[in-house]
Amino acid sequence: MQTPAFHRSLAYCMGVLLLATLAFAARAEIHSTLEINDEIEIDIVTFGEPAKTGIIWFACRQGEDAIEFETARRLVSRGYQIYFPDMLSAHFLSSLPSNIARIPAAEVVTVIRHIIDTSTAERLFLLAGARAAVPVIRGLADKNLQQMDSKLKGALLITPRIYKTAPDPGSEPVYIDETGLSVHPILVLEGERTPNRWGLPHLAATLKKSGSRVQTDLINGVRGYFYLRDNQTPTEMEMTRQLDTLIHDNLQKLGAI
Amino acid sequence: MGIYRHLIFCLALILIGQQAQAVAGQLKEYWGNMTSPRIELPDLQGRQHSLTDYRGNVVLVQFWATYCTPCRTEMPTMNRLIKKMQGKPFKIVTVNMAESSEQVRQFLQEVPVDFPVLMDSDGSTLNRWKVFAAPANFILDKRGKIIFTLYGAIEWDSDEMVGRLNALSEE
């Protein structure tokens, strides 16, 4: 005969085991490789099990910013599957935010198409922040991608920096050439404490040129690419902790644009 | 050996010259609409300022924000520039980018300035001036026309800059 204490201990152990299994499942990530050609192979890190909604997240510095992978794990527990294509390693480029803008558009499109073709998600969104918005804009400009009967439902850009050159005082901003060639919906979030917020109407008007439905919104109390900064303010730290909620809420909005 | 020393000296001079050019090169000639948009804004004390009040002076108009780290660094150099340009027809006018009075006051306690700080509370002035980065600088000639722009922070009291502003003030 087992005592009640034994049963309590057993239940406790099973609970711990279950939690550990769940935690492990949430942390589990799958590494795969996509061969673009004889010379270029792109690693894709996938977080989470197949889900209804998938996110293709282009990171500025793949693997360098733990916050993106941490946020991905939290998004998995909200029912998403997240794909991180490592666009830099294939070209032996260092993890500098500026390098992500050097990735050829064709590779970006191949990666997006591959994930669209292989994912079982019913809908997929592109996600990027800061300079990593450049490959997203280039991908969205691809005509073939636009013509696909696609699960791709749009792009969420968090404090995007898609300037061709730094904006000159007294002149309209100039963006990379592919800006305004997209048809998919785009939601742009910008920090309230950055001069870039004043360019949002111009950016939205430019992005709409080929038919994209575009919405912009401000994130209160934060500067541009707040979640990647070394010198975060308390507000920015708090917003970074809630990055999964910010992404989740705004993907809902994006789906309804 | 003498020849080599000479060569190194010449190379050093060329490098210094190039650096000086790079500093000056940050000022960009402005090719847009040459007439500066109007500025009619209150300062922190509520006194109204108009850009037209500064006609007859070379004016540095700067748009800045408290969250802009380079702005914090360069403001003391602007204070020193005013001292170096004393007696010359030269003024500095700065416009804060739609932050609250409390935020600006707190900043100015840490970084006191010797020039007017105007409050563009709804951002309409910076929109007219097409400002999308900070600090964004405009140099106006005595007739109020924008002749140079400059994005980013510099040492405003460098000999190079003082020389250029002096030359403009004597035109």
Side-chain angles (χ1 to χ4, degrees), chain A residues 97-98 130-131 133 157 159-176 179 188-207 216-240, chain B residues 25-37 39 60-72 94-100 102-104 106-107 120-140 145-154:
Chain A
S98 54
R131 201 66 182 149
L157 305 179
T159 71
R161 298 293 175 263
I162 55 171
Y163 299 121
K164 204 170 187 178
T165 55
D168 275 331
S171 305
E172 302 287 5
V174 181
Y175 310 108
I176 57 165
T179 312
V188 179
L189 301 180
E190 188 51 87
E192 182 236 342
R193 287 172 67 73
T194 161
N196 293 277
R197 63 175 281 197
W198 305 105
L200 280 179
H202 183 260
L203 175 61
T206 310
L207 288 171
T216 63
D217 210 349
L218 289 179
I219 312 170
N220 280 335
V222 304
R223 294 170 292 170
Y225 40 93
F226 60 95
Y227 61 94
L228 300 174
R229 286 181 177 268
D230 296 329
N231 59 347
Q232 287 186 317
T233 64
T235 309
E236 288 165 348
M237 283 180 200
E238 184 52 35
M239 191 56 74
T240 301
Chain B
Q26 289 177 359
L27 278 185
K28 267 192 173 177
E29 277 189 59
Y30 182 67
W31 297 103
N33 178 3
M34 295 298 277
T35 309
S36 52
I39 295 179
L60 163 60
V61 177
Q62 181 184 84
F63 291 83
W64 69 280
T66 62
Y67 50 75
C68 156
T69 312
C71 301
R72 180 180 292 267
T94 65
V95 180
N96 176 265
M97 300 173 78
E99 294 182 280
S100 71
E102 290 72 23
Q103 284 169 318
V104 175
Q106 194 181 339
F107 176 92
D120 184 18
S121 54
D122 62 0
S124 56
T125 299
L126 65 94
N127 265 323
R128 276 200 298 275
W129 284 70
K130 295 182 184 167
V131 170
F132 306 103
N137 302 283
F138 297 83
I139 293 181
L140 279 50
K145 289 185 176 175
I146 302 170
I147 45 173
F148 292 113
T149 63
L150 191 151
Y151 160 59
I154 60 161

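- In this structure, the portions of B/Ala134 lying under 4.5 Å from any heavy atom of chain A include both its backbone and its side chain.
- At a 4.5 Å heavy-atom cutoff, the contact between B/Gln103 and chain A is made by side-chain atoms alone.
- Here the side chains of B/Thr66 and A/Arg193 are in contact, with some heavy-atom distance below 4.5 Å.
- Contacts of A/Arg223 with chain B are made by side-chain atoms alone, with heavy-atom separations under 4.5 Å and no backbone atom involved.
- The two residues A/Pro195 and B/Met97 have their closest heavy-atom pair at CB-CE, 3.6 Å.
- Closest non-hydrogen pair, B/Phe132 versus A/Trp198, comes out as CE2-O, 3.3 Å.
- Residue contact with chain A, scored on non-hydrogen atoms closer than 4.5 Å, involves the backbone and the side chain of B/Tyr67 alike.
- Taking 4.5 Å as the limit, every side-chain heavy atom of A/Pro169 sits out of range of all side-chain heavy atoms of B/Phe148.
- The environment of A/Tyr225 atom OH is sparse: at most 12 non-hydrogen atoms of other residues, nucleotides or ligands sit within 6.0 angstrom.
- Remark: side-chain polar atoms of B/Tyr151 are not paired, donor with acceptor, to backbone N or O of A/Ala166 under 3.5 angstrom.
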